[in-house]
Amino acid sequence: MDISCKIIEDLLPLYIDGVCSEESKEVVEEHLSECSRCEDMFRQMKSTCLPKQDVDVNLNEAEALRDLSKKWNRKLLGAMIKGVISTLLLVGGMLLIIYIFIGFKGA
């Protein structure tokens, strides 16, 4: 299979991270065995990748941010519900006051 170097360049980060499909992995490996330019690029990319411990630190920080986002979204939803209930109570109270003091005269 003849895949262009541009496509392999796009796949290399996924290949290095180990998140590409088996088919993509096989295509990349086959291309790397035939193309010295892409193989050099692969080695350069691999050498500049984050060390494993940095990846773990980033994942832990991402998890903390995800938890914070969930809490914030829950608080936002609670505030919206309180706002809707307060508005309904205020409008209901105003209508009640209007009904009591002005009265409702139907046709």
Side-chain angles (χ1 to χ4, degrees):
M1 189 180 323
D2 189 29
I3 305 282
S4 76
C5 292
K6 287 288 185 188
I7 293 174
I8 298 300
E9 284 178 36
D10 291 343
L11 288 173
L12 279 178
L14 299 173
Y15 176 77
I16 291 170
D17 290 342
V19 294
C20 62
S21 68
E22 278 300 314
E23 292 174 3
S24 296
K25 181 180 173 183
E26 290 172 9
V27 168
V28 169
E29 289 172 350
E30 180 182 334
H31 185 88
L32 291 177
S33 68
E34 298 170 357
C35 179
S36 60
R37 181 179 157 274
C38 289
E39 186 178 3
D40 291 339
M41 185 180 304
F42 165 70
R43 289 174 203 240
Q44 182 182 8
M45 284 179 143
K46 191 163 176 121
S47 69
T48 59
C49 282
L50 290 172
K52 178 71 173 144
Q53 76 184 64
D54 289 346
V55 171
D56 292 339
V57 168
N58 287 345
L59 289 175
N60 289 339
E61 290 175 357
E63 184 65 33
L65 285 175
R66 219 178 346 264
D67 291 342
L68 183 62
S69 176
K70 285 179 185 177
K71 288 178 185 176
W72 188 79
N73 285 337
R74 271 188 241 122
K75 286 185 179 184
L76 181 63
L77 180 63
M80 287 173 41
I81 290 171
K82 287 177 187 176
V84 168
I85 291 172
S86 298
T87 302
L88 290 174
L89 288 174
L90 181 64
V91 169
M94 290 175 65
L95 290 175
L96 183 62
I97 290 172
I98 291 171
Y99 179 74
I100 290 172
F101 290 107
I102 297 176
F104 178 74
K105 297 178 183 168

Student: Mind checking the CG-CG spacing from N73 to L68? Nearest 0.5 Å is all I need.
Tutor: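 Atom-to-atom, N73:CG and L68:CG are 9.5 Å apart.
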Student: Applying the 4.5 Å side-chain criterion to the ILVMFWY set and letting contacts propagate, would V19 and L32 be lumped into a single cluster?
Tutor: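 As far as the 4.5 Å side-chain criterion goes, L32 and V19 are connected within one cluster.
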Student: Compare every heavy atom of L12 with every heavy atom of C38, then report the nearest pair and how far apart it is.
Tutor: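 The answer is O-CD1, 4.2 Å.
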Student: Between atom NE2 of H31 and atom OG of S4, what is the distance when rounded to the nearest 0.5 Å?
Tutor: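 One gets 7.5 Å once the value is rounded to the nearest 0.5 Å.
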Student: Nearest 0.5 Å, what's the CE-CG distance between M94 and L96?
Tutor: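 Those atoms lie 12.0 Å apart.
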Student: Once you round to the nearest 0.5 Å, how far does CG of D10 lie from OG of S24?
Tutor: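 Output value for this atom pair is 11.0 Å.
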Student: Enter the distance from I8:CD1 to F42:CZ here, rounded to the nearest 0.5 Å.
Tutor: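 Separation between the atoms: 11.5 Å.
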Student: Do the side chains of I97 and I100 join up, straight or via other hydrophobic residues, at under 4.5 Å, putting them in one cluster?
Tutor: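 In one cluster with I97: I100, yes.
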Student: For residues L76 and M80, determine if any side-chain heavy atom of one lies less than 4.5 Å from a side-chain heavy atom of the other.
Tutor: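 Counting from C-beta outward, L76 and M80 do come under 4.5 Å.
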Student: Under the 3.5 angstrom rule, does the side chain of T87 hit a backbone N or O of G83 as a donor-acceptor pair?
Tutor: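 It does hold such a pair.
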Student: Could you tell me whether E63 atom CD has more than 12 heavy atoms of other residues or ligands within 6.0 Å of it?
Tutor: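 For E63, atom CD is crowded (more than 12 foreign heavy atoms under 6.0 Å).
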Student: Answer whether the closest heavy-atom distance between the side chains of V28 and I3 falls below 4.5 Å.
Tutor: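 V28 does not reach I3 side chain to side chain.
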Student: If two hydrophobic side chains count as joined below 4.5 Å and joins carry through other members, does L89 share a cluster with I81?
Tutor: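 Same cluster.
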Student: Is the shortest distance from a Lys or Arg side-chain nitrogen in R37 or E9 to a carboxylate oxygen in the other one below 4.0 Å?
Tutor: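 Counted as a salt bridge, because a side-chain N and a carboxylate O are separated by less than 4.0 Å.
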Student: Enter the distance from M45:CE to D40:CG here, rounded to the nearest 0.5 Å.
Tutor: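 That separation rounds to 12.5 Å.
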